[in-house]
Colleague: 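This structure is in structure tokens; I'll ask about it shortly.
We use all heavy atoms of the structure for the numbers below, so side chains are in, but hydrogens, waters and symmetry mates are not. Below, chains carry the letters A, B, ... as their sequence lines are ordered, and counting in each starts from 1. What you are looking at is a predicted structure, and each value in this text was computed from that prediction instead of being measured.
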4 protein chains.
Amino acid sequence: MSTHIQTVGIKNIQLPIRVREKGGGLQNTVGTVSLQVSMPGERRGSCVTVFTAALNKYMDAISITNFSKLLKEVQETLNAESAKLSMDFPYFIEKKAPVTGTRGLMEYRCTFTDGTGTDEDFVLSVQVPVTTLCPCSKEISEAGAHNQRAEVTLNVKFRKFIWVEDLIELIEQSASCELYSLLKRPDEKYVTEQAYNNPMFVEDVVRKVAVTALHHPDIKWFSAGVESFESIHKHSAYAYVDSNELVHNHRAGDKHKK
Amino acid sequence: MSTHIQTVGIKNIQLPIRVREKGGGLQNTVGTVSLQVSMPGERRGSCVTVFTAALNKYMDAISITNFSKLLKEVQETLNAESAKLSMDFPYFIEKKAPVTGTRGLMEYRCTFTDGTGTDEDFVLSVQVPVTTLCPCSKEISEAGAHNQRAEVTLNVKFRKFIWVEDLIELIEQSASCELYSLLKRPDEKYVTEQAYNNPMFVEDVVRKVAVTALHHPDIKWFSAGVESFESIHKHSAYAYVDSNELVHNHRAGDKHKK
Amino acid sequence: MSTHIQTVGIKNIQLPIRVREKGGGLQNTVGTVSLQVSMPGERRGSCVTVFTAALNKYMDAISITNFSKLLKEVQETLNAESAKLSMDFPYFIEKKAPVTGTRGLMEYRCTFTDGTGTDEDFVLSVQVPVTTLCPCSKEISEAGAHNQRAEVTLNVKFRKFIWVEDLIELIEQSASCELYSLLKRPDEKYVTEQAYNNPMFVEDVVRKVAVTALHHPDIKWFSAGVESFESIHKHSAYAYVDSNELVHNHRAGDKHKK
Amino acid sequence: MSTHIQTVGIKNIQLPIRVREKGGGLQNTVGTVSLQVSMPGERRGSCVTVFTAALNKYMDAISITNFSKLLKEVQETLNAESAKLSMDFPYFIEKKAPVTGTRGLMEYRCTFTDGTGTDEDFVLSVQVPVTTLCPCSKEISEAGAHNQRAEVTLNVKFRKFIWVEDLIELIEQSASCELYSLLKRPDEKYVTEQAYNNPMFVEDVVRKVAVTALHHPDIKWFSAGVESFESIHKHSAYAYVDSNELVHNHRAGDKHKK
């Protein structure tokens, strides 16, 4: 077995980074980075040195565009057959409360993943907390309905660049209600009624995310998962969809119709 | 600085244990154990050997009673000035759904902590998931009210032995509603309405737990915390009470009255 | 978009289980279970009820064989197009110290994963802690060499059934040294010298695991990862291999030769 | 039971912060904040609004000094009897490798905790990864010695302000060797030999930290814990010391002498 069949690298390097925002600014945050490379006669020592030097060069203004540049530079300097880089970080967006407009920062988790060599696709992942309100509970109960925090994870490959901010908005509009960091009384009334008027199971949320993503001209592939931390159970409800399965099923469905 | 001022020991040993149940049976589960001792001229090597031998002897039928015996045996064999032992484990109780009576296992977390030497008090901790439904949200909204899973942690020192099962019941009766692992439609209707008719902030839950614990003849000291994973926010709401503060404030209140 | 394209299910149910051991016994431990199904007009409520009933039936004596039976029973009862089940649990094996033969329990993590419908393959995963000692550090230093705990994860698809115990042994023989829960002085001397005489990078460990797995007649596919919690760095070193890549590279290598 | 006996607040708010560095600069990082207050007729809603407004005002240049100001401002605005604030964050320091001087960022964890009302003391906590090399293993083995990453946690109350940077240095000089993010070959030779020539158990590290902290004129109280992720075991070795116990034991020792 030759030495370049496996990949080797480093995991869990934390460092301060600056990420380009849709609004034009640069956001300071903290990234956790991992790198894997496949090299003939690989030398992990030099890999770390080359990687750190490249990181230092790029970390002051990281964007989806130069994340891939960073990876290519590392790969070429190391003469690696393939390389894979991932970085996850908390990302903050100022949101206005729905009625009073009170401003507050919401925290989301983002991950950039990219591979060169065998796989050149950039994947953008966002994790967005939302509210789900149970349709069954609403229907059968005289008043109220159980609801809870849920977490939507959307992974996307692009045809054309999409901002993190836009994917988060796509998700927040696909749940019973979105979350805020600061709500005054009129806002709390609004989100309570919004969720109550908009009951959704996890499978409804994942379907709404999927339908929007399917029709988005700039999305080539996606997968989405929704985990709901049920307020009446100790376990989670979970739903998942992968756009490759959708296409596969669509074709299978066409065959059945014939 | 002499060698016996600090404590030394081992952390995070996992092992299968059997815990005595209120109903008379023995429950198989998995414990995570830590031990700290303070010894003149301590020898950590012998500490591990002695501890492991004692653990093997007791782990087949652990109860609140013989947990303290285990600790004393370790302390005496090691000739330690003081010793501290803690063990946490998932604990399972079969619950019946409130209407249909359908049976399902609920998982709780328990911790036994004991110290001999400078501190001889046994502390029993239980973590119990419950539902909280927001009184403010209910009051101001036309329909519905935000609710969510919350976690109550109750730490107790005894006058007289109390079963884990009884502490869990005390907590489950102090929230908007309790949780179940398996609910059919009539049960889901019941828990939804039960929570809606019983709105409580985290501070209400912690107060109800505290009032019951204060009047329990067998509880010498307690502290309680409630963390609510808010369905409309990304952060948690949290309330906390320590019975020593209650007594302190009670006395302070008496003084003010005079 | 039809309703049966996505999967829906439950995550993170904890329950006591009994797992069949190579030696013939049944080991009591605690499992964490998740289930996903894809159904025409799926009803998550019935899914949970059916699943819980089936779990109760099987959890007293779980083995690789009846884990697949459990999944098939759930799938058929629900009339699901596909279903996926995973369960992870701590697994304990009594090991003898290498010189004195002192007995102690070691804890490993195992995961069973199985899918029916689109993917019928059972995957067995084991996580095994080992020691790695750095060859470079040994070579360049006058005395000593940095070493540390590392974690090997091996995922396997079978041609023929393999015991968890045998996969763990395969891994423990592929590192600088294996770990023990209880070592006396002659044992500690042994493991120190064993690691020093057997220096390996993470890439060496993953390669040794891979070579053994490739030649194992009962293994159809595997992937292996080694993460080393470096004692001289805050980050981890990591190496990974997938047997599909090995075959792919082997073929690619053949082409290049022509 | 009156309403102001318990505390109520919020947990786990993440937000970008800027922390004042010893060198004069401001470091961008991400903080996780919790606040608890005790109020007559508490209103959690207003608590969150007041707290968020105050946070927004201070988070651009947080230091040990204005962290206490932030807490006091929140307490006074809320008319709270007592208040407790904690914030933890990753903190980055550029270190030079010991031989080649190669620069790299090291990540540490810091926590600021402060209480006003019943407890006015500011506590600074730092978590520092280090190397421990086992003296017993070195002594009994023909070559080599097992070593591993360990984590030192030091909690300090001041007489006079101390920089985070200085506490970290105090800890790094108390272990077998300190950690670096980037080491070239001459550096790796150096740290390997440095650890081998400086063998320490966890109890030796905690004692060295304690002796230095005891003699530091600006430290009023401290506690220190060292957890070593043993390379030959799956569990951790752990040692702990509290300066109050030291003083207590010192006095007890004096009595015995008389």
Colleague: With a sphere of 6.0 Å drawn around OH of D:Tyr190, does it hold more than 12 non-hydrogen atoms of other residues, nucleotides or ligands?
Modeller: no
Colleague: Top residue by heavy-atom pair count (under 4.5 Å) with chain C, among D:Thr131, D:Thr132, D:Val130, D:Leu179?
Modeller: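 Most heavy-atom pairs under 4.5 Å with chain C: D:Leu179.
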Colleague: For each of D:Pro186, D:Ser141, D:Ala143, tally heavy-atom pairs with chain C at distances under 4.5 Å, and name the one with the top tally.
Modeller: D:Ser141
Colleague: According to salt bridge (Lys or Arg N to Asp or Glu O under 4.0 Å), does anything in residues 95-110 of chain D pair up with another residue at least two apart or in another chain? List the pairs.
Modeller: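 Those involving residues 95-110 of chain D are C:Lys234-D:Glu107, D:Asp88-D:Arg109, D:Glu94-D:Arg103, D:Lys95-D:Glu172, D:Lys95-D:Glu178.
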Colleague: Quick one, C:Glu142 and D:Lys189 - any side-chain contact, counting heavy atoms below 4.5 Å?
Modeller: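 Yes. Closest side-chain heavy atoms under 4.5 Å.
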Colleague: Taking every heavy-atom pair that is under 4.5 Å apart, which of D:Cys134, D:Pro129, D:Ser137 has the most such pairs with chain C?
Modeller: D:Ser137
Colleague: Select, from C:Thr192, C:Asn197, C:Leu182, the one with the greatest count of heavy-atom pairs under 4.5 Å involving chain D.
Modeller: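 The residue among C:Thr192, C:Asn197, C:Leu182 with the greatest pair count is C:Thr192.
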Colleague: To the nearest 0.5 Å, tell me how far D:Arg149 CZ sits from C:Ser236 OG.
Modeller: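 Output value for this atom pair is 5.5 Å.
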Colleague: Which of the residues D:Glu139, D:His233, D:Glu193 is involved in the greatest number of heavy-atom pairs with chain C at under 4.5 angstrom?
Modeller: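 Ranked by contacts with chain C, first place is D:His233.
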Colleague: Looking at C:His146, C:Lys138, C:Gln148, C:Glu188, which one has more heavy-atom pairs under 4.5 Å with chain D than the rest?
Modeller: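 The candidate making the most pairs under 4.5 Å is C:Glu188.
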Colleague: Hey, could you give me the CG/CD1 distance between C:Asp187 and D:Ile140, rounded to the nearest 0.5 Å?
Modeller: 9.0 Å
Colleague: Using only atom types and a distance under 3.5 Å, with no angle test, would you say the side chain of D:Asn147 pairs donor to acceptor with the backbone of C:Ala145?
Modeller: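 Yes, the answer is positive, given that a donor and an acceptor are paired below the 3.5 Å cut-off.
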